[in-house]
Student: 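Supplied in structure tokens, the structure appears directly below.
Sequence lines set the chain letters: A, B, ... in the order given, protein chains first and strands last, and positions in each chain run from 1.
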Amino acid sequence: MKKSDRLEKLFSLSNKLFMPFLVIGDPDLETSLALSEGLIRGGADLLEFGIPFSDPPADGPVIQAADQRALLAGMDTDKAFEFLKKVRAKTEAPIALLLYYNLVFRYGVEEFYRRAAEVGVDAILIADLPVEEARSALEAAKKCGIAPIFIVSELTSQDRLDKILEEARGYLYLVARLGVTGQQKEVSGNLFEVIERLKKKSELRIFAGFGLSQPEQVREVLRLGADGAICGSAIVGRIEENLGDASAMVEAVEAFCREMKAATIS
Amino acid sequence: MKEAGKFGPYGGFFVPEILVPILEELETATLEARKDPAFQAELSNLLSNYAGRPTPLYFAGNLSRELGCKVYLKREDLLHGGAHKTNNTIGQGLLARRMGKKKLIAETGAGQHGVATALVGALLGMDVLIFMGAKDVERQQPNVQRMELFGAKVRPVESGSRSLKDAINETLRYWTEHVRDTFYVFGTAAGPHPYPMIVRDFQRIIGDEARAQILEREGKLPSAILACVGGGSNAIGMFTAFLADEGVRLIGVEPGGLGLETPFHGATLSKGSVGCLHGSLSYVLQDSYGQIHEAHSISAGLDYPGVGPEHAWLKDTERAEYSAITDEEALDAFRWLARSEGIIPALESAHAVAQAKKMKLRAEDILLINLSGRGDKDLSHVARCLEEKGK
């Protein structure tokens, strides 16, 4: 199946969606693959994967620690692509990458997207690449049929939103709470207004992420109008809590995924 | 953004979406302040009467006799706060006030930028929070005490290499969480646009003064200028006024650590490759996949695996040259300047002094060394290092 088709097919069903996040290779490649399978069994509609980076300024302590674990276990970009190929063999769910620009730049932007497409990646979000700097990445994404994903927040101005909407494909990643990634008790107060503003301007699906750690928060962002919820730190936190016991880890992550997915239905 | 913030292919603003609006706001405030006579008058008044500008250009007679040519020192060590950093923090502090921000945050390596931010916070009545690598908190204790005396909070950073790189990561994270009321006083001419431009413009007074001073004293320009380069703010501040003077060699001196043949150095321009760190494209120390290496230097202020984007461009265009000085050579220069001129340089600045010793010089040469800071903060660290080496 072609990359963009996987997203389109999923979006053609009008379900609310859940996308969990893992750092590839955390705590090691083998366990990471078992965790991905757990997420698929747990009902993940899409899978979002991070390639670990030594210096992740948009991430809180939980994902920083996951990056460190993965790097210490020998993770690198080529191994990440091999891993994604294995995940793709097991699922037709869309796969998104979330990573930092230096990894893409150093690999060669065009080569990175070509390789990503080859292993079955559907969407790429580069956390520190605002639309103004994204020209070569956008060209590469287009060429490979990969959806370029952009983050929007309540602070994004109208001008810049227009610029972003011109280039964004797949879905929009809406920051549910200003800050870095991490588990939070509350979502931002004016999320509703932001979603309204986006819906007026764009047909793209809106996924809310950053700080979502409980099923109740998933229900809340979906009630406010988001089409999907993304959860990273709360999943990675369950990896951290179960280090040293891979089967307990997979079980905990799968159970949590199931709980979060259920919140998109009820 | 109104400008792309590029130096050749380098620079730009590679930051998470949440930070783009605040950087736009900062750019607008900066461009307006440039043209605002009231802002410029207040800046100029504080630089003169609070910080002590102009700083002297000192003819170092003893050094000159030893090296066999004329050596001048630009005495940024005499600036209030003890280093050139105050030029920038006064400017950015005034920008913060102009933008209505209530709180200043900053990273610091050696602690000089932290001190300079803390004193400006006290001066302007703003809360200050400083992020400092835990390793640097240990080796730069006097500066921690000074920051706290000025009323700033110092938060040790335990992640990664526990030094400047990680302090910047942590400050960026904090800023992302508190972007509405907080101003990030960036310490060096690196980071995302508009910081490399802002820091250069507030630091260029070093070179502007030095150029006028040397012309007055010698009736001609120096043959070479030496400045240490970590992120590169004192160097760019010194170089900018001389960029169009083709006969003047501009030499940036990077931290060679235990030697460029080892992995333990911070010589980003000499040994690094092009990459993206802390919001701009420049040279970085990294592996083949783009994972950032830890830097090493005896001097906390130079212990950084990145460098300002304008230096990357000056290197590529060959307008400036970049060399490296080892920890040991810097230590020697630290003592050499103390003994020969009665001046204790910061370990950072000692790298620039050490470079002078290694150059082939002719009697008609005039060297201008940017003495970017004073070394009182380094005394116990240097004593420990010398003890370890059994000297």
Side-chain angles (χ1 to χ4, degrees), chain A residues 51-61 64-65 67-68 70-71 75-80 99-108 112 125-134 150-157 159-161 163-164 172-175 177-182 184 210-211, chain B residues 1-6 9 11-25 107 157-161 165-166 168-180 182 191-193 273-282 284-294 305-306:
Chain A
I51 300 183
F53 182 46
S54 54
D55 293 78
D59 285 301
Q64 286 174 50
D67 281 1
Q68 281 307 312
L71 290 172
M75 192 66 231
D76 64 41
T77 309
D78 282 317
K79 287 178 188 159
L99 78 171
Y100 289 90
Y101 183 58
N102 198 43
L103 301 181
V104 180
F105 176 80
R106 190 75 168 136
Y107 204 85
F112 186 95
L125 165 54
I126 302 175
D128 54 350
L129 193 70
V131 67
E132 291 88 342
E133 301 283 4
F150 286 93
I151 288 188
V152 290
S153 89
E154 60 188 84
L155 300 179
T156 306
S157 67
D159 276 7
R160 295 197 61 256
L161 183 59
K163 248 185 252 174
I164 290 168
L172 289 171
Y173 192 128
L174 173 63
V175 171
R177 177 195 57 92
L178 292 181
V180 296
T181 59
Q184 295 290 327
F210 276 44
Chain B
M1 291 280 185
K2 294 182 184 65
E3 298 177 10
K6 295 279 161 104
F13 49 105
F14 297 85
V15 294
E17 176 60 31
I18 295 177
L19 291 180
V20 176
I22 181 72
L23 291 174
E24 286 185 315
E25 191 187 335
E107 85 293 345
V157 175
E158 295 286 352
S159 59
S161 60
K165 158 177 97 79
D166 306 284
I168 296 179
N169 287 335
E170 215 46 47
T171 318
L172 284 169
R173 288 179 190 122
Y174 183 92
W175 200 28
T176 308
E177 306 254 352
H178 301 87
V179 72
R180 288 182 192 280
T182 304
H193 175 68
S273 50
V274 178
C276 187
L277 175 67
H278 296 146
S280 61
L281 198 71
S282 183
V284 292
L285 297 175
Q286 60 184 340
D287 71 12
S288 59
Y289 288 105
Q291 306 294 345
I292 309 301
H293 285 154
E294 291 180 11

Student: Any side-chain heavy-atom pair from B/T182 and B/W175 closer than 4.5 angstrom?
Tutor: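 Yes, close enough: below the 4.5 Å cut-off.
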
Student: Which bit of A/F105 is near chain B, if near means a heavy-atom gap under 4.5 Å: side chain, backbone, both or neither?
Tutor: side chain

Student: Could you look at A/D159 and say if it's the side chain, the backbone, both or neither that has a heavy atom under 4.5 Å from chain B?
Tutor: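 For A/D159, neither part sits under 4.5 Å from chain B.
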
Student: Would you call A/E154 and A/R177 a salt bridge, taking side-chain N to carboxylate O under 4.0 Å as the test?
Tutor: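 Not counted as a salt bridge, because no side-chain N and carboxylate O are separated by less than 4.0 Å.
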
Student: With a 4.5 Å heavy-atom cut-off, do A/Y100 and B/C276 have their side chains touching?
Tutor: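 Counting from C-beta outward, A/Y100 and B/C276 never come under 4.5 Å.
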
Student: Side chain, backbone, both or neither: which part of A/V131 has a non-hydrogen atom closer than 4.5 Å to chain B?
Tutor: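 Neither part; nothing is under 4.5 Å.
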
Student: What part of B/F13 gets closer than 4.5 Å to chain A, counting heavy atoms only: side chain, backbone, both or neither?
Tutor: both

Student: Measure across A/P56 and A/Q64 and return the closest heavy-atom pair with its distance rounded to 0.1 Å.
Tutor: CG-CG, 4.0 Å

Student: Among B/L23, B/L19, B/V20, which residue meets the side-chain contact (heavy atoms from CB on, under 4.5 Å) test with A/P130?
Tutor: B/V20

Student: Using non-hydrogen atoms and a 4.5 Å limit, figure out which bit of A/I164 sits close to chain B: side chain, backbone, both or neither.
Tutor: side chain

Student: Write down the atom of A/F112, the atom of A/L103, and the distance for their closest heavy-atom approach.
Tutor: CD1-O, 4.3 Å

Student: If every non-hydrogen atom of B/Y289 is compared with every non-hydrogen atom of A/R106, which pair is closest and at what distance?
Tutor: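 Where B/Y289 meets A/R106 most closely, the heavy atoms are C-CG, 3.6 Å.
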
Student: So, do B/S280 and B/H193 sit near enough that their side-chain heavy atoms are less than 4.5 Å apart?
Tutor: no

Student: What part of B/E170 is in contact with chain A, defined as an atom under 4.5 angstrom from a non-hydrogen atom: side chain, backbone, both or neither?
Tutor: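 The side chain, not the backbone.
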
Student: Which bit of A/Q68 comes within less than 4.5 Å of chain B, counting heavy atoms only: side chain, backbone, both or neither?
Tutor: neither

Student: Can you tell me which of B/M1, B/H278, B/E24 forms the most heavy-atom pairs within a distance under 4.5 Å of chain A?
Tutor: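 It is B/E24.
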
Student: Relative to chain B, which segment of A/V180 carries a heavy atom at a distance below 4.5 Å: side chain, backbone, both, or neither?
Tutor: both

Student: Count the heavy-atom pairs under 4.5 Å between each of A/V152, A/I151, A/D55 and chain B, then report the option with the highest count.
Tutor: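 Option with the greatest count: A/D55.
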
Student: Is A/I51 in contact with chain B via its backbone, its side chain, both, or neither, using a 4.5 Å heavy-atom distance?
Tutor: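 Neither part; nothing is under 4.5 Å.
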
Student: Is B/S159 close to chain A through its backbone or its side chain, or both, or neither, when contacts mean heavy atoms under 4.5 Å?
Tutor: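 Contact with chain A is through the side chain of B/S159 alone.
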
Student: By a 4.5 Å heavy-atom criterion (distance strictly below it), what part of B/L281 contacts chain A: side chain, backbone, both, or neither?
Tutor: side chain

Student: Please give me the minimum heavy-atom distance between B/P305 and B/I292, naming the atom from each residue.
Tutor: CG-CG2, 3.7 Å

Student: Report which part of B/V179 has an atom under 4.5 Å of a heavy atom belonging to chain A: side chain, backbone, both, or neither.
Tutor: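 Answer is side chain: those atoms of B/V179 sit under 4.5 Å from chain A.
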
